[in-house]
Amino acid sequence: MSQDSKADSKTDLQAKAAEVSATGLANAAESAAGGTECICLADFEPLAKAKMAAQSWEYVCAGAGDEITVRWNEEAYRRIRLKPRILVDVSKLDTRVNLFGQEHAFPILLAPVAAQKLMHPEGELASARGASAAGATMVVSSFANTRLEDVAAVAQSPLWFQLYAQTDHGFTRELVQRAEAAGYRALCLTVDTATTGARNREARAAVKLLPIPNFAKFAGAGNDVSLHTGSQNVFKSVLDASMSWKEIEWLRSIAKIPFLLKGVLNPDDAELAVKHGVAGIIVSNHGGRNLDTLPATIDALPQVVEKIAGRMPVFVDGGIRRGTDVLKALALGASAVFIGRPYIYGLGAAGEAGVTQVIRILRREFQMAMALTGRSNVASIDRSLIWT
Ligand code: FNR
Ligand code: LAC
């Protein structure tokens with residue numbers, strides 16, 4: 001859904017939502033929406049906007065440049081039509097998937113999102129608790145506002161760790177070892193962020209970060225409140241613009257847990273990823289936050305899947321807002337999907353309970369979409385589901 005269409009008007013719904021406390025989503029939603037609960041993911045956005053500081057809201061919504069890729073990510077799902085099968089026994093649905101030996105109750109994970117104390121005072125702790133209550137795996141960002149060990153201490157469901165590798169290899173190794181020691185199950189190295197992009201919207205809003213404790217020793221990494229996220233300088237000291245495939249081999253050699261690349265779009269890069277022995281790839285354009293006019297991820301996915309040809313799992317994120325989107329991504333070859341902004345809107349609207357609710361709604365919609373297209377388990381979701 002377009003944030004722009006809602007950006008300026010503070011509706012009655014938002015005004016009422018602002019008056020209620022973050023104690024319970026159902027209560028908040030009920031008093032805000034006249035007795036109804038949040039019933040789809042889009043319902044969380046106005047509630048989150050009303051609660052979050054204006055700068056935080058801009059940080060979450062923002063994309064790069066003219067935000068064309070942000071829009072395409074969502075629109076591309078809407079263009080894909082489903083082809084159902086009837087009279088299939090769907091009285092029992094099995095949504096389980098096994099990823100790297102870990103069973104997930106359903107193929108929806110939480111993408112890494114930085115700086116979650118901007119969106120809610122409990123930040124990553126609330127997200128991890130909320131994800132656990134829903135039985136989902138969360139990928140914790142290197143740029144979290146909470147130490148990775150502290151997030152692990154509250155999580156009841158397995159966590160993965162997102163790695164922003166550093167030019168200081170000693171520090172990177174230490175970060176990887178800390179994540180492994182804290183029990184994280186996989187590493188997602190982000191490879192689409194040699195630098196941040198033209199974040200005009202963040203620059204206009206002068207968004208400022210909160211300290212990033214995993215990187216406490218790096219000056220300027222969000223620990224300098226004079227910098228704002230629209231400026232390239234804010235992340236400069238903690239992004240490695242010199243990173244190449246050489247570092248991938250090195251990182252793979254030191255990682256004891258499955259090592260994935262996040263931010264692959266080009267099938268030729270996917271081929272190189274296989275050659276360099278990574279465990280999996282995430283087709284992502286960083287939610288349209290870095291390079292504008294990249295294609296929608298769901299449009300890029302089929303080419304990547306074709307190139308990989310089953311040699312490793314391929315995941316996708318960007319623009320997933322409905323259970324039908326999850327179904328389409330799996331039909332086009334994803335092993336599972338990640339959601340970013342939707343759970344952050346849940347977090348902003350109602351903290352931990354909001355995150356849980358977002359995941360449950362999406363899971364339920366996915367189950368409905370499976371049943372209504374005649375698919376009783378994930379293995380039976382294939383390309384024949386797409387109306388061509
Ligand atoms: C992100 N994303 C991101 N990715 C990453 O690898 N490390 C990070 O720290 C962050 N931080 C971050 C902050 C915010 C506010 C957003 C919205 C996104 C990108 C994220 O993991 C994911 O790729 C996209 O959010 C997916 O798109 P949707 O679901 O937001 O449309
Ligand atoms: C972002 C970085 C931190 O998207 O990944 O804001």
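FYI, the numbering just counts along the sequence from 1. Note that ligands are numbered from 1 as they come in the structure, with each ligand's atoms numbered from 1 the same way.
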Report, one line per pair, each donor and acceptor closer than 3.5 Å where one atom sits in a side chain of residues 134-155; sequence neighbours left out.
| from | atom 1 | to | atom 2 | distance (Å) |
| --- | --- | --- | --- | --- |
| T137 | OG1 | Q102 | NE2 | 3.0 |
| T137 | OG1 | P158 | O | 3.1 |
| S141 | OG | F143 | N | 2.9 |
| S141 | OG | Q162 | OE1 | 3.4 |
| S142 | OG | Q162 | O | 2.7 |
| S142 | OG | Y164 | N | 3.0 |
| N145 | OD1 | Q116 | N | 3.4 |
| N145 | OD1 | K117 | N | 3.0 |
| N145 | ND2 | L210 | O | 3.4 |
| N145 | ND2 | P211 | O | 2.9 |
| T146 | OG1 | E124 | OE1 | 2.6 |
| R147 | NH1 | D150 | OD1 | 3.2 |
| R147 | NH2 | E149 | OE1 | 3.4 |
| E149 | OE1 | R178 | NH2 | 2.9 |
| E149 | OE2 | R178 | NE | 2.7 |

Handout entry: Nearest-contact summary for atom 3 (C) of ligand 1 - protein heavy atom, Å
Key = P112 O, 3.0 Å
Exercise for the section: Note the single closest protein heavy atom to atom 1 (C) of ligand 2, along with its residue, its atom name and the distance in Å. Expected result: R199 NH2, 3.2 Å
Fill in the blank from the handout: V60 heavy atoms within 4.0 Å reach ligand 1 at atoms 15 (C), 17 (C)
Completion exercise
min-distance protein heavy atom vs atom 5 (C) of ligand 1 -> K262 NZ, 3.4 Å
Problem - Which residue and heavy atom of the protein sit nearest atom 11 (N) of ligand 1, plus the separation - result: A114 N, 3.1 Å
Completion exercise
min-distance protein heavy atom vs atom 29 (O) of ligand 1 -> G340 N, 2.9 Å
Practice task
With heavy atoms of A114 as the reference, note each atom of ligand 2 found under 4.0 Å away.
Solution key: 3 (C)
Exercise for the section: Could you tell me whether the side chain of V278 reaches within less than 4.5 Å of the side chain of L260, counting heavy atoms only? Expected result: no
Practice task
Have a look at ligand 1 and work out which part of Q116, if any, has a heavy atom under 4.0 Å from it: side chain, backbone, both or neither.
Solution key: neither
Problem - Heavy-atom proximity to atom 5 (O) of ligand 2, best of F143, Y59, Y164 - result: Y164
Handout entry: Student check: side-chain heavy atoms of I282 and C188 closer than 4.5 Å
Key = yes
Completion exercise
Within the 4.0 Å heavy-atom cut-off, what R341 brings close to ligand 1 is both
Handout entry: Heavy atom of the protein closest to atom 4 (O) of ligand 2 (residue, atom name, distance)
Key = R289 NE, 2.8 Å
